[in-house]
Each structure stands twice: as structure tokens, then as C-alpha cells.
Amino acid sequence: MELKSLFFLSIFLFSLGLYGVLSRRNAMGILIALELIFNSANLNFGIFSKIHANPSGVMTILFGIGITAAEIVLGFAIVILLFRLRKTSNADEVHILRG
Amino acid sequence: MDLGLLAFIAWWAPFFSFLIIGVFIRKYGKLSAALSIIAISISLISSIVILLNIRALENPVLKDIVWLPFGTKKGLAGPESIFFGLFLDNLSAIMLFIVALVAFAVQVYSIGYMGEETPPSLGRYYAYHSLFAFSMIGLTFSKSILQMFVFWELVGVCSYLLIGFYYYKPEAARAALKAFWITKLGDVGFITGILILYFKFGNLDIFKLINDPAILKSAGGVASVILMLIFCGAIGKSAQFPLHIWLPDVMEGPTPVSALIHAATMVAAGVYMVSRLFPVFREFPDVMWIITILGAFTAFLAATMALVQEDIKRVLAYSTISQLGYMMAALGAGSLVAGFFHLFTHAYFKALLFLGAGAAIHAVHSNSIWDMGGLFKKAPITAITFGIATLALAGIPPFAGFFSKEEILVATYSYANKIPFYLLLITVFLTAFYMGRAYTVAFFGNPRSENAKHAHDPDLSMKFSLVLLAIFSVFAGFYAGKISHLLEYLTAHEAIEHHGGLNLTVLSLSFALIGLLSSYYIYARAPQVADNTRERFSFVYTMLQRRYYIDDLFEWIYRRIILGLSAFAGWWDRHIVDGLVNWVIYTTARLGRSLRVIQTGIVQDYLFYIALGSIVLLVLILRGF
Amino acid sequence: MKIIFWIIFIITGLSGLMTVLTKDLFRSAIYLGITLLGSGLLYLFLGYDFIGWTQILVYVGGIVLLMIFTIMLARESVMRPLIITIRNPFISGLFALLLFLLLMLVAKPLILVPKGLDKDYTFLPSIIFKSKYVLSFEVLSVLLLIAFIGAILIARKD
């Protein structure tokens, strides 16, 4: 019962994060929404680690937190650089890779 | 004395001379000339030593290394392997002497003749000459037919380079290309023959072939085809009908080069090849018959064309074709001695003729015999040596040509079919006539041009070569018995039956004399006879002038058929092949243009695609794939 | 206990919702912090004490703080809040909803009766340092170090 509801919460947070990532224009907003997705993934790992009685899932959460920290640090550094260079922090205004 | 080593030195000395000239000292013309002449002198001296010790050659000297190993077992090359090596016997020893002597004379002569060239150009000239000598000697010593083919092609390349020596002259470049391509036409047959021979019999070794021709004989028809194909190479190289058209154009090169090509190297290669394989050819009467009739026909055809040429070098060129026809006819008629002996004598007097013509041209600055005249008084040495060669070519005793031509006539006379004999007999008259005409017009009478009045003998180096070759032109004929004796091991007791004997000699001699005298009479005393005849038989004259339209035929084939095919191939390539490629390119580009729209460069749009992909995947999972 | 679990559960869900719905970036970050805090507490209920506290320390204490600082730095003035504008809201919403439903459907049979509910992960550090994960852990620390150096390099003013 607990696990099922937690699983529901994890998927709910994932969908919210997806919505945020897809719809927000501000790069920092996107990164925040991305955090939601990571969090839901970590939660999922915890749930399934419990179900299968396998410590690998727990370990993965630990690694996930670490990697997320690194990713966010770099992401924000890039956003600051972007803001400094382009005077904007909107992701859809940067499209020099357009085909 | 190790004759093999000596032959090896004679063979490779010109090659090292070529390397050193080509790589290091090309810029210094005189030095290159000296080196090249020293190298060919080494070859000449070696060849003389070999000839002096020829008794030691009762067993041929064979030295080889494995070139292309086939069927190797336990590190030993199998019997099908192809060898690269030296094959020195009486025949190749004599041939080596011919090549070395003529090349030597020509190279010495070139010092004077080419003296006005710039040093780098002279260096290039001598480099080519050295390479030419090396290739021809290599061909002479070839142990396997494939090796012979390699040197055969090298000879072709060298003649291409030398004919096109004045590459900035469009005619010379064209003539070089023509010589190269026409001879290639024959070489296609040659290499095809070699390949069939190899795959059929697994043996390309000349020594084995000529010692055991029975193997081929037992194969019957295939062997005939092989030999016929191999003979195609000789048709191209030795300028037999219908591939003779390249030879007259060789005169676009420097005159000494013409002498070399016409006398001892390029065209002699074909005759030498047939002589080398003579014991094999002899086993196939059908092939021999073709060789005979083709040779005799070529001899006659070329002689008629020589009648109307005005360019002295062209007269000599057609006479070369004609004489090569003689040699082929003799070989075909079954007489190796007659054919090879004529090659031997012809080399000297034809080289002499060309060198003499070169001296005359040098003096008059024109190729046309109608610009010369009266040179006998102005340039006596040129005139006398040229005269000796003329008499030799016409077949007047005691000069060299008389003896060799005599043997050929005897050989063809004893041949079953008499047509070649009559053709050759008429050609004796024609030869004497056109040579007499050229000599009379060029050397007798009054000078016909301003330059001819100030003509003079050439300088020392040219005179030296002329006299040297003149000596051989006089005395080479006396070696008939010697050469016949030396070649006995190849002819297998060839019976030279002297049918007709004295009568034949009288007949041919009278033909030659009539030819000479009548031409002298017509062109020195009664020139109106020539004009009248020309007017009356103008169509014949035109036909001869147009060289029986054979050149035109080749040109027509080239222009209409080959160029037409090429044009079609070009059209096909441009429109069909390229069109296909262009269509692919165009379609790809259009597809790319329409697809690039989705590449917006905005991160979130890509995330949309990822989400879409996830949705599709999940749907698939739900449906259980 | 159960009541506390459900209260935390609902707070986490609602603050997650507010994280994406709010227009102010600053507030969004704060809501994110609450969501992460809630998740961390929920780990405790699963018996993952170490993970839960790590999550709270690293995420709420570190990352959210970093975000807030950055947002403050990127603001043009202290007085005006950073407003998040929205593009393609309906398509995004549709996608999110679709994925939500599909994931629920797909994962439903995967939620089984747990086998290891009685397993104790309280002393996770001892597990880490006694097991095969120790090397990966070291590598992770190196990765973090590199990431921080990289971030400094990228963002510094030169």
C-alpha cells in the first residue's frame, strides 16, 4: 500500500517535471523541473530496491544524488555564462544549432 | 673467360649510364654524352670479346633468378615459375654485337649532329639512348618470353621518347604517339599469345621451348593460334603490313634516332623475336606460310611507296619496311640463316644510309631530295659512304646486301609456293630503282637550292661513324658462311639447296643493275621521262602518294569508329551515369532541405521528440510488442 | 505514524505541483526545496535512513541553496521577481498526461509484494565500505570534484 502510493507519487512528480521541462522558457526553470524528474527517478529506485530486496537500488540513489549535484552545478554555471553573454536566460532564444 | 659475366656487363653498363645521367648529370650535356658513349663502348668491347671466344658458346650460357615463383614447395620454386635471366648463345651474341655497334656509331655521330642542342636537352637525349641500348640488349638476352615482352615494351617506350624528342613540335609528338599506339596494337596479340601459352603449357622459358618444340607441336591448332598471336607482336614492331604505318613517321625524331630505330633496335626486335623462336615456328607450316606471304607482300608494297617519296628519310623509311619484309619472308620460308643474316647486314647499311642522310640534311637544312643535288662534289665523304650503302641496299656485289639478299632469294625460290619469290624479285628491281633515284637526285647534277651550293662534309665525329659503318657495309657480306655455321645448332641442318644457283644470282643482279641504271638515266639525263610517266599514270602516282590509302583507312577507323564509340561512351557517361549520380544527389539534397526544418536548435523541441519516443516505446510495451 | 506519512506525502505532491505551476522562479526553487525535503523524509519511512538524510543535506542544504543564489545573481533588480514565461503549454501538458497514464499502466504489474521489507539499511556506510561499491564511490567523488572545478572555470569572470 505504502509502496503503491509512493510509486504513484514518483510518477506524478516525473510528469510534473516533464511538463515543466517542456513548457518553461527560462533555463533555470527548466533545470528546476529537471530536478523533479531526477528526484522521481531516485524515489523509483528506492521503491524497487525494496521490492526486490536488492541493495543496488539504494546505492544507485546515492550515486544519483551525487551526479545530480554535479549536473546542477554545471548547468547553473552554463546558465550564468549564457546570461552574461546573451543577456538572456531563455533557452528558446539560443538556437545557433538550427539546421 | 666467363662469357656470362661479360654479357652481363654489356647488358647493364648502359643501364647504369642511364641512371647516372638521369639522376645526377643530366644538366651537363657533354659529360652525359661521354658517359653514355663509354657505357656503350663497354658493351661493344664485351660483345667483341664474346664473339672472339664464340667457340666457348657451344653450350649456351644460362643464368637466371626466379622472378615470379609459382607452385612453390618447401621453399623451392615450382617448374611453372617464370625466370628472369640471361640466355647467351651464338644468336644472341651476334645480335648483341649488331646492337652495340650500331648504337655506338649512332651515339658518336650524335655528338656532331646534336651539337647545337642545349646541355640539358643533350643530357636527356643520351639518357634515352642509354636506356634504349639497355632495353634492346635485355631483349636480346631474354631467358623467358615474358621477360622478352617486358624489354620489348621498354624498347617501345624508348622509341616513343626518342621519336618525340622534339616534343614541342606537334608532328613529332603525334608521330611518337602513333608509333606507340600502332605497335601496341600488335603487342596486344603478343601478350595474349604469351598468356595462352603459359596457361596451356605452363612454360615460358625460351631455352626449353626451342629445344623441345614437339610439346607445342603435339597440341596442334592451339599452338598455331598462339604462335600467330605472338607473331602479331612482330607485325607491329617490325612494321609489317598492315601495321607498317608508324615507321615512316619516325623520321620526325632526330635523324640518328631514326638510324637506331630502323637499323638495330626497335624494328629489329620483331625479326629477332621470330629468329629466337625459330625452332618453334618451324614446326608450324601454316604460320610460316602467313609469315612468308606477309613479308613478301610488305616488301613489295613498301618498295612501291618508296618510289614517289620526296623526303629522303621517308624513302629510307619505306625501304626499311621493305627490307624487313625480306627478312620475314626468309624466316617464313624456313631459312633462319638468310633472314638473320639480312638483319645483320641491313643493320649496318641502313644505319649508314640514315646517318648519311642526316649529314646531307645537316648540310642542306632540308629533308627534300629536290633541295639537294650536286652533293657529290661538295661533300665527298658523305656521298661515297652513302653510295656504298645504296649499292649494298640495291644488292650489288661485293657489298653486304648482295649476299644476304641472295640467300633470301634462294630460300624463297626453294619454297613450295613461288609467289613470294616473284614479289621479292620485282622488289629487287624497285629497291634498286628508288635508291638510284634518291641518290641521283640528291648527289649528282647541279645544286637545286641555295643551301646545297654551300654544302660541306660534316665534322669529325659524324665522319667517323659514317666510315665505321661503311667498312662494315662493305665487308659484312663475307661473313655469310661464318654466320650460317654459327647458327647451325638452331637450324638443325637446314639444307640450303642452291636451286638455280648461278642463274638466280645473274637474274637478281641484272634486275638490280637495270633498276640502278634506268633510274640514273631517267633522273640524270632525261627528267622529262619521269614527268611524262607521272602525268600518264597520275592515278597510280596519287595512290602511291596517299600510301595506298592505308593511313587514310586507319584514320577513318580512328575518326569514325573509335571516336564515334568514344563519343557515345562520353554521352552515356555524361547523361546516364552522371545523371543517375546527380539525381541521387538532388534527391538527397531535397530530402535534407525538407528534413532540416525539424532541426530548430531549441533544446525543448528535442525534448519533445524524446518524450514522443518514450510514449511510442511505452505504447509498444503495453501492446506486448 | 500513518497520518504523518500521508501528511508528508500530500505536502510533497502539492509542492511538486506548485514548483511547475508558479510563475516566480524564486518561489519555484523554494517549492522544489520543499518537495525534495518531503522526498527525503519519505525515504526515512522506507527505512533508508542514510539516504534520506543525505538527500536532505545535499539537496536541500546544498543544491537548492545554490539555485537560490544563482537566481538572485541573475536577477536584474532585487525588487522585480523573475517571471517564468510558458511556451506550448497544451502540447506539453498533453505529453505529460500521456506519459503519466502510460507509465501507470505499464508499471502496475511491476509493483509486487516486497520480499525484503525486513532488511535494514540503517548502517548503509558500513555496507558501502565493505562491498564492491567502494571503488564506484571513489570515482563518484572524483567526478564531483571535476564538475565543481569545471563549473568554476565556466562561470568565472575573466
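In the text below, chain A, chain B and the rest are named by the order of the sequence lines, each starting its count at 1. None of these values were measured; they are calculated from a predicted model.
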Go through the side-chain N and O atoms of Gln55(C) and Asn39(A) and say whether any donor and acceptor fall under 3.5 Å apart.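 Side-chain D/A pair, Gln55(C) to Asn39(A): present.
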Within the 3.5 Å criterion, strictly below it, is a donor on Thr35(C) or Ser15(C) matched to an acceptor on the partner's side chain?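 On atom types as modelled, these side chains qualify, holding a pair under 3.5 Å.
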Within the 4.5 Å heavy-atom criterion, are [X] and [Y] side-chain neighbours or not?
| X | Y | value |
| --- | --- | --- |
| Ser56(A) | Phe45(A) | no |
| Met59(A) | Phe137(C) | no |
| Thr68(A) | Leu34(A) | no |
| Ile56(C) | Leu37(C) | yes |
| Ser92(C) | Arg87(C) | no |
| Phe95(C) | Ser15(A) | no |
| Phe76(A) | Ile72(A) | yes |

Between [options], the one whose heavy-atom pairs under 4.5 Å with chain C are most numerous:
| options | answer |
| --- | --- |
| Val79(A), Val21(A), Leu81(A), Leu31(A) | Leu81(A) |
| Phe48(A), Phe63(A), Phe8(A) | Phe63(A) |
| Ile80(A), Leu9(A), Ile67(A) | Leu9(A) |
| Gly75(A), Ala69(A), Ser40(A) | Ala69(A) |
| Leu13(A), Asn42(A), Ile47(A) | Asn42(A) |
| Leu18(A), Leu74(A), Asn26(A), Asn90(A) | Leu74(A) |

For chain A, find which of [options] contributes the most heavy-atom pairs closer than 4.5 angstrom.
| options | answer |
| --- | --- |
| Phe9(C), Phe45(C), Phe5(C) | Phe9(C) |
| Thr85(C), Leu98(C), Leu103(C) | Thr85(C) |
| Thr54(C), Leu21(C), Ile83(C), Thr19(C) | Thr19(C) |
| Asn88(C), Val139(C), Thr12(C), Leu144(C) | Leu144(C) |

What part of [X] gets closer than 4.5 Å to chain A, counting heavy atoms only: side chain, backbone, both or neither?
| X | value |
| --- | --- |
| Tyr43(C) | side chain |
| Ile86(C) | both |
| Leu140(C) | side chain |
| Tyr59(C) | side chain |
| Ser141(C) | neither |
| Ile91(C) | neither |
| Leu17(C) | both |

I'd like to know whether CZ of Arg27(C) has more than 12 heavy-atom contacts from other residues, nucleotides or ligands below 6.0 angstrom.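 Atom CZ in Arg27(C) is not crowded, with 12 or fewer foreign heavy atoms closer than 6.0 Å.
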Where do Ile30(A) and Arg25(A) come nearest, in terms of heavy atoms and distance?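 Minimum heavy-atom separation between Ile30(A) and Arg25(A): CD1-O, 4.5 Å.
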Closest heavy-atom contact between Ala70(A) and Ala147(C)?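 Closest approach of Ala70(A) to Ala147(C): CB-CB, 3.4 Å.
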Would a distance-only check, ignoring hydrogens and angles, find a side-chain to backbone donor-acceptor pair under 3.5 Å from Lys50(A) to Leu46(C)?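 The answer is yes, because a donor-acceptor pair under 3.5 Å joins these two groups.
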Portion of [X] that has a non-hydrogen atom of chain C nearer than 4.5 angstrom:
| X | answer |
| --- | --- |
| Ile32(A) | both |
| Phe14(A) | side chain |
| Phe7(A) | side chain |
| Leu36(A) | both |
| Asp92(A) | side chain |

